[in-house]
Amino acid sequence: MARRTRTLNRLALTPAVALAALVGFAAAPAQAAVWSSSDQWGTYTTSDNYTLYNNIWGSGAGTQSIWANSSSDWGVWADHPNTGGIKSYPNAKKVVNKPIGSLSSLTSTYNVTVPSSGAYNTSYDIWDSDYDYEVMLWVNYNGAVGPLGTSQGTLTLGGHTWTVYKGDNGSNQVFSFLRTSDSTSGTVDILPILKWIKDTKGWWGNETIGDVQFGYEITSSAGGLDFRTNGFGVSSS
């Protein structure tokens with residue numbers, strides 16, 4: 001299934017989104033979170049300079065609420081209809097702002113609890129600073145979802161085995177790495193993946209890496225589903 005970028009597109013939503021504030025945070029912690037929002041583009045910056053983003057960007061979306069205590073303790077309750085097309089990509093973002101050639105390391109850890117129903121992927125979304133290129137790392141996925149482009153084969157890199165896809169959505173090139181088995185926690189060595197794209201395949205040059213985002217690309221979650229990030233962090237040097 002083709003996909004489109006969450007960062008650059010701002011598509012119209014159904015009136016249901018306007019009612020999100022009335023739904024409440026059905027899956028939020030028992031104690032009130034430090035921050036929560038049902039706003040379409042609700043954002044929050046943590047003390048360690050991560051940005052949380054509700055990011056309901058797709059057409060036909062339902063309701064969605066995000067809460068956060070920190071960059072490594074946040075979650076989403078989403079009730080999107082059982083229809084095709086990506087509805088949202090709630091995420092936490094760290095800005096790196098370094099050329100690939102000047103990076104000596106770029107790693108990330110993740111720990112999530114995701115539902116057994118619905119259609120979604122749990123993914124990193126890594127952008128160059130000009131948003132010409134997008135690198136997606138799917139660590140788990142469920143339901144009728146799929147990457148953009150054509151398969152380039154299977155690769156073991158960065159501590160995981162991936163099936164690689166290459167495509168273009170009309171706005172930017174997209175390189176998608178789908179883990180061959182689902183994972184809910186682990187560490188990804190991101191830099192070797194970026195260097196493989198650059199040096200082995202020649203698909204891009206010495207791009208400056210801007211955003212490293214991590215979150216949930218949700219197509220459907222009818223009835224309301226809970227997505228929780230129990231741990232997340234990005235380290236670069």
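No hydrogens, no waters, no symmetry mates; every other heavy atom, side chains included, goes into these values.
At least one donor-acceptor pair under 3.5 Å links the side chain of Asn140 to the backbone N or O of Ser183. Panel note: side chain Ser221, backbone Gly224; no donor-acceptor pair is recorded below 3.5 Å. Asn169 places no side-chain N or O within donor-acceptor distance of the main-chain N or O of Val174, the cut-off being under 3.5 Å. One N or O on the side chain of Asn55 and one on the backbone of Tyr89 form a donor-acceptor pair closer than 3.5 Å. A donor-acceptor distance shorter than 3.5 angstrom exists from the side chain of Asn206 to the backbone of Gly101, with no hydrogens or angles considered. The backbone N or O of Gly170 lies less than 3.5 Å from a partner atom in the side chain of Asp168, making a donor-acceptor pair. Without hydrogens or angle criteria, Ser220 side chain to Ala222 main chain gives no donor-acceptor distance under 3.5 Å.
Side-chain contact annotation: Thr180 with Thr161, donor-acceptor N/O pair under 3.5 Å absent. For the residue pair Glu217 / Thr219, no side-chain donor-acceptor distance below 3.5 Å is found, with atom types taken as modelled. Of the N and O atoms on the side chains of Asp79 and Gln64, not one donor lies less than 3.5 Å from an acceptor on the other residue. Side-chain contact check for Asp189 and Thr107: no donor-acceptor pair (N or O, by modelled atom type) lies under 3.5 Å. A donor and an acceptor atom, one from each side chain of Thr187 and Thr109, are nowhere located under 3.5 Å apart.
The two residues Ser236 and Leu103 come nearest to each other via the heavy atoms CB-CD2, 4.2 Å. Counting all heavy atoms, side chain and backbone alike, Thr46 lies closest to Ser71 at CG2-N, 3.8 Å. Shortest non-hydrogen contact noted between Gly42 and Ser37 is CA-OG, 3.7 Å. Minimum heavy-atom separation, Ser108 to Gly233: OG-O, 2.7 Å. Gly205 approaches Ile100 most closely through the heavy-atom pair O-CD1, 4.1 Å. The minimum heavy-atom distance between Ser237 and Ser105, with the atom names listed, is OG-OG, 2.8 Å.
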**Study point:** Verdict with supporting geometry, Trp196 and Trp162, ring-ring contact (aromatic ring centres under 6.0 Å, His included)
**Key:** CA-CA 13 Å; Trp196 181 83; Trp162 319 89; over 10 Å; no
Review point. Please walk me through it: do Asn230 and Thr113 pass side chain to side chain donor-acceptor pair (under 3.5 Å)?
Key: CA-CA 7 Å; Asn230 309 307; Thr113 302; 3.0 Å; yes
Review point. Run the side chain to side chain contact (heavy atoms under 4.5 Å, CB included) check on Tyr131 and Asn172 step by step: do they pass?
Key: CA-CA 7 Å; Tyr131 297 99; Asn172 52 271; over 6 Å; no
Exercise for review: Starting from the C-alpha separation in whole Å, work towards a yes-or-no answer on ring-ring contact (aromatic ring centres under 6.0 Å, His included) for Phe232 and Tyr110.
Suggested key: CA-CA 4 Å; Phe232 168 64; Tyr110 62 92; 8.9 Å; no
Point to revise | Worked verdict on Asp132 versus Gln173 for side chain to side chain contact (heavy atoms under 4.5 Å, CB included) | key: CA-CA 6 Å; Asp132 294 324; Gln173 293 188 50; over 6 Å; no
Exercise for review: Starting from the C-alpha separation in whole Å, work towards a yes-or-no answer on side chain to side chain contact (heavy atoms under 4.5 Å, CB included) for Thr184 and Asn111.
Suggested key: CA-CA 6 Å; Thr184 55; Asn111 184 306; over 6 Å; no
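In this structure, the side chains of Glu207 and Pro99 stay at 4.5 Å or more apart for every pair of heavy atoms. Side-chain atoms of Ile86 and Ile218, non-hydrogen and from C-beta on, never get closer than 4.5 Å to each other. Proximity of Asn49 to Lys94: side-chain heavy atoms (C-beta onward) are separated by under 4.5 Å at one or more points. Between Val114 and Tyr216 there is a side-chain heavy-atom pair separated by less than 4.5 Å. Contact check for Leu106 versus Val234: side-chain heavy atoms found under the 4.5 Å cut-off. Looking only at side-chain heavy atoms (C-beta outward), Phe177 and Tyr165 stay at 4.5 Å or farther from each other. Counting heavy atoms from C-beta on, the side chains of His80 and Ser88 come closer than 4.5 Å. For the pair Thr83/Lys87, a side-chain contact is recorded, criterion being any heavy-atom separation below 4.5 Å from C-beta on.
From Asp39, atom CG reaches atom OH of Tyr53 across 11.5 Å, with rounding to the nearest 0.5 Å. With values rounded to the nearest 0.5 angstrom, Phe214 atom CZ is found 10.0 Å from Asn91 atom CG. Here the CG-OG distance, from Leu137 to Ser176, works out to 9.0 Å after rounding to the nearest 0.5 Å. Rounding to the nearest 0.5 angstrom, the gap separating the OG atom in Ser36 from the CG atom in Leu52 is 11.5 Å. The OG atom of Ser117 sits 7.0 Å away from the CG atom of Asn142 when rounded to the nearest 0.5 Å. Separation of atoms CG (Leu157) and CG (Leu191) is listed at 9.5 Å; rounding is to 0.5 Å.
Remark: Lys166 fails to qualify as a cation-pi partner of Phe175 under the 6.0 Å distance and 45° angle criteria applied to the six-membered ring.
Screening Asp211, Val96, Ile209, Ile193 for a side chain to side chain contact (heavy atoms under 4.5 Å, CB included) with Ile126, the sole residue that qualifies is Ile209. Val76 pairs in a side chain to side chain contact (heavy atoms under 4.5 Å, CB included) with only one of the listed residues (Asp226, Thr229, Leu225, Ile66), which is Ile66. Exactly one residue among Trp74, Tyr120, Trp67, Trp77 makes a ring pair (Phe, Tyr, Trp, His ring centres under 6.0 Å) with Phe227. That residue is Tyr120.
Tracing side-chain contacts under 4.5 Å through hydrophobic residues (I, L, V, M, F, W, Y), one never reaches Val95 starting from Tyr44; they form parts of separate clusters.
Between Trp138 and Tyr141, the two ring planes are perpendicular [angle over 60°; tilted spans 30° to 60°].
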